[in-house]
Amino acid sequence: MEHFRERAASLVVDAVAGMGSKTALQAEKPPEGMGDFAFPCFGLAKELKRSPAELAKSVAASIAPDPAFSAAEAKGPYVNFRIHPAELAKATLGAVMGLREEYGNAEPTGKRILLEHTSANPNGPLHVGRARNPIIGDTLARILARCGNDVTTEFYVDDMGKQQVTLTWGVENLKHPGEAPKKPDHALVWYYQEASRLMAEDPRILEQIDAMISTYEKKDSAIAERVRKNCQRVLEGMTASLYRLDIHFNSFAWESKYIFDGSVDSVLERLRKLDSTAEEDGALYLDLERHGITGQERKFYLTRSDGSSLYSTRDMAYHLDKLSRYDRAIDVLGEDHRLKAKVVGIGTKLLGQDKPVEAMFYSFVSLPEGKMSTRRGTVVYLDDLIEEGVARAREEVDKRRPELSEELKRGIAEAVGTGAIRYNIIRVQAEKQLVFKWEEALNFEGNSAPFVQYSHARASSILRKATEFGEYDPALLVHPSETALIMGIARFPSVIRECGDSMQCHPLALYALELASLFNQFYRDCPVLAVEGELRNARLALVTASKFVMLNALDTLGIVAPEEL
RNA sequence: GGACCUGUGGCUUAGCUCGGAUAUAGCGCUGGCCUUCUAAGUCAGAUGUCUCGGGUUCAAAUCCCGACAGGUCCGCCA
């Protein structure tokens, strides 16, 4: 596709040069039925003082004939190119058949990227608000990997915060009234909620917890041990939930490590020497005024009066460590972290690290009745969403495919239920606020994962019934539905690249939907198994290619593509 | 009060980086399509002051300024 675009652009440049201008016209997508690339002539018209429509005509007339295009003509003030369908079919199908699962992948960049995501406080199970992070993070990791990078994913475990100490206090001082749930994150969250409640009521409990924190920060390894043990258990529960969504981490980084190994101390020592930092009552702060942040936000504290470190300071130590080991460090963060991330980046830069701290942000998911809060228990847990999704998918499978084996039905239900959840989160721009609604989160039709999975299954079904096919002639694929589908397939590599460059996932979800829709139109218009001879071979090749690209798109979204639905 | 993000048919949403020809799709609504490779599909139709007001431009959903609404942050918490 890019090849054709560049070819068209260069033909236009040549034609325009003949008219005495060096302006490079930008190709854009014309409306339906007007060809494949359009070059507007308004800018050129101004330069040459001629009317755009008249100019388009003379540009079109002086374009050299090229086998890649079946037409290059003026349409009003535009010069429109139509790609030769046979040429497009040949180039596109050839590429997919050669690369198969790798089609769409970019050349290796040689870059090592550390992608930090999820990093949820281990004080209870993941809820659907927090779930936006791992789903975006994992999808972005898959996109960046297909963009040719060597990607490592990491979960930063906050085992030093008040929330974790509160949880530990609860576990050590309270007794669960009934039978605790089996899954460790669900078992432990009660202690956190109950301890938070008691702490708010009884100042003596608050004192005890504060005392634990203070001892902990003086590098008390016994307390560290106790807190970490509980974090570890909650973490096991979280990773089990994410495992079901096919989300895994290459590594875990523990916040306390950076305290105990002295790296936070050394960071503080170096920060203290900077002109940008100052002290107030013994507390060190970064003056952000010269970094364009004014007003009440300008003093950003790095330590308390007693010299102990704060969260963002430890985060600087962590990011310096990441940047020293990788070419790029990217964080997936909730929008509440915007200022903190900016300051961490300022800090690492001041300490001589020129690589930026890159981040992408998402807005929160709320419930129709308001915000989600683990402490207050006003949440929908990710585990419940997955259970419900898979159960509803199972009902559909039972209804539609009663003849399938139990094993197949179970597999399809799992793929559809979890796929629908991932797709629903990723399909919208990350910066948009989301209100969680069951019927949207578990949508199985229209703009959804099952829609794409269904098209993939249709393709698989055709190929299952076809005998082997050998040579095919792409030039036979000239039906408008075939050409449109091939055009869609040809776009995949640039969609992947665009997502990687802009660190956005939703264009890929929308692309997968479009491709599936194009396949459905082809399916409607062009019988495959019922036609004879050469055309059948060519269409089987197109079905094969479509299946690979739907598979690759779904795989990049972390969604399973079953052979049957 | 200051800073950042978001505002597109009844609902959800793409397009905004890089201004161009009829503003994208889904849900819902109206009416069609299963002796034809899986109807979780498909076709047709209705539904839009692109939050509002200015400005720049031959041309603004898109760029600039100002309002308004929702979210987030502004703690020696995380």
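Here is how names work: the chains are called A, B, and so on, in the same order as the sequence lines, proteins then strands, and each is numbered from 1.
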Margin query: Please report the distance separating the P of U51(B) from the corresponding atom of A60(B), rounded so that it comes out in whole Å.
Written below: 15 Å

Check: Base, sugar-phosphate, or nothing for Arg298(A), non-hydrogen atoms under 4.0 angstrom?
Finding: nothing

Margin query: For the C1' atoms, the ones on C64(B) and on G70(B), what distance do you get once it is rounded to whole angstrom?
Written below: 24 Å

Next item on the list: Could you check whether Asp281(A) gets within reach of a base, just the sugar-phosphate, or nothing at all, counting any heavy atom under 4.0 Å?
Entry: base

Notebook entry, point to check: When rounded to the nearest Å, what value does the distance between C1' atoms of A14(B) and C58(B) take?
Noted result: 28 Å

Check: So what does Phe42(A) hit on the nucleic acid, given a heavy-atom distance under 4.0 Å: a base, only sugar-phosphate, or nothing?
Finding: base

Next item on the list: Taking the six-membered ring for Trp and the full ring for Phe, Tyr or His, determine whether the centres of Tyr301(A) and Tyr285(A) are under 6.0 Å apart.
Entry: yes

Next item on the list: Would you indicate what Arg539(A) reaches in the nucleic acid, counting non-hydrogen atoms under 4.0 angstrom: base, sugar-phosphate, or nothing?
Entry: nothing

Notebook entry, point to check: Reckon Cys41(A) touches a base, only the sugar-phosphate, or nothing at all at heavy-atom distances under 4.0 Å?
Noted result: nothing

Notebook entry, point to check: Under 6.0 Å between the ring centres of Phe81(A) and Phe39(A)?
Noted result: yes

Check: Does CD belonging to Gln26(A) count more than 12 external heavy atoms closer than 6.0 Å?
Finding: no

Next item on the list: Measure up the Tyr523(A) and Phe519(A) rings against each other and bin them: parallel (under 30°), tilted (30 to 60°), perpendicular (over 60°).
Entry: tilted

Next item on the list: Looking at every strand, decide which applies to Val528(A) at a 4.0 Å heavy-atom threshold: base, sugar-phosphate, or nothing.
Entry: base

Notebook entry, point to check: Distance between the P atoms of U24(B) and G9(B), in whole angstroms?
Noted result: 14 Å

Note to self: By the 4.0 Å heavy-atom rule, please label Ala45(A) as base, sugar-phosphate, or nothing.
What the structure shows: nothing

Check: Between U47(B) and G28(B), how far is it from one C1' atom to the other, in whole Å?
Finding: 11 Å

Notebook entry, point to check: Is the side chain of His291(A) donor-acceptor paired with the backbone N or O of Ile346(A) at a distance under 3.5 Å, no angle test?
Noted result: no

Check: Using a cut-off of 4.0 Å on non-hydrogen atoms, how would the nucleic acid contact of Lys371(A) be classed: base, sugar-phosphate, or nothing?
Finding: sugar-phosphate

Note to self: Just to be sure I understand the rule, does His506(A) reach a base, reach only the sugar-phosphate, or reach nothing, if contact means heavy atoms closer than 4.0 Å?
What the structure shows: sugar-phosphate

Next item on the list: Provide, to the nearest angstrom, the distance between the CD1 atom belonging to Ile213(A) and the C1' atom belonging to C77(B).
Entry: 9 Å

Check: In whole Å, what separates the P atom of C16(B) from that of A59(B)?
Finding: 22 Å

Note to self: It should be established whether Lys340(A) places a side-chain nitrogen or oxygen under 4.0 Å from OP1 or OP2 of nucleotide C77(B).
What the structure shows: no

Next item on the list: Considering only atom P, compute the distance from G10(B) to A67(B) and round it to an integer number of Å.
Entry: 28 Å

Check: Reckon Ala457(A) touches a base, only the sugar-phosphate, or nothing at all at heavy-atom distances under 4.0 Å?
Finding: base

Notebook entry, point to check: Would you say G41(B) has OP1 or OP2 under 4.0 Å from some side-chain N or O of Asn520(A)?
Noted result: no

Next item on the list: Take Gly43(A) and Glu396(A), find for each the nucleotide of RNA chain B with the closest heavy atom, and name the residue whose nucleotide sits nearer the 5' end.
Entry: Gly43(A)

Next item on the list: Would you please classify the geometry between the Tyr156(A) ring and the Tyr258(A) ring as parallel, tilted or perpendicular, with 30° and 60° separating the classes?
Entry: tilted

Next item on the list: For each nucleotide in nucleotides 6-11 of chain B, reading 5' to 3', give B when a protein heavy atom comes within less than 4.0 Å of its base, S when such contact involves only the sugar-phosphate, and - otherwise.
Entry: SS----

Notebook entry, point to check: Which whole-number value in Å describes the distance from Leu513(A) CG to A25(B) C1'?
Noted result: 7 Å

Next item on the list: Give none if U72(B) has no partner; otherwise give the nucleotide forming a Watson-Crick or G-U wobble pair with it, both distances under 3.5 Å.
Entry: A3(B)

Next item on the list: Just call it for Phe364(A): base, sugar-phosphate, or nothing, with non-hydrogen atoms closer than 4.0 Å on any strand.
Entry: sugar-phosphate

Note to self: Can you see if the side chain of Arg304(A) gets near the phosphate of C77(B) - specifically, an N or O under 4.0 Å from OP1 or OP2?
What the structure shows: yes

Next item on the list: For C77(B) versus C68(B), give the span between their P atoms, rounded off to a whole number of Å.
Entry: 34 Å

Next item on the list: Evaluate the side chain to side chain donor-acceptor pair (under 3.5 Å) criterion for residues Ser448(A) and Glu445(A): first the C-alpha distance (whole Å), next the side-chain angles of each, then the deciding distance (0.1 Å), finally the verdict.
Entry: CA-CA 6 Å; Ser448(A) 74; Glu445(A) 53 189 22; over 6 Å; no

Next item on the list: Report yes if at least one side-chain N or O of Arg524(A) is closer than 4.0 Å to OP1 or OP2 of C43(B); otherwise report no.
Entry: yes

Next item on the list: Check every atom of A21(B), A78(B), A39(B) against the side chain of Lys75(A) and return the nucleotide holding the closest atom.
Entry: A21(B)

Notebook entry, point to check: Rounded to whole angstrom units, what separation is found between the CZ atom of Arg401(A) and the C1' atom of A39(B)?
Noted result: 13 Å

Next item on the list: Answer with base, sugar-phosphate or nothing: what part of the nucleic acid does Val416(A) contact at a heavy-atom distance below 4.0 Å?
Entry: base

Notebook entry, point to check: Which is true for Val452(A) with a 4.0 Å heavy-atom rule: it touches a base, it touches only sugar-phosphate, or it touches nothing?
Noted result: nothing

Check: Is any side-chain nitrogen or oxygen of Arg464(A) closer than 4.0 Å to OP1 or OP2 of C37(B)?
Finding: no

Check: What does Leu510(A) touch in the nucleic acid at a heavy-atom separation under 4.0 angstrom: a base, only the sugar-phosphate, or nothing?
Finding: sugar-phosphate

Margin query: Rounding to an integer number of Å, can you tell me how far Phe522(A) CZ sits from U42(B) P?
Written below: 15 Å

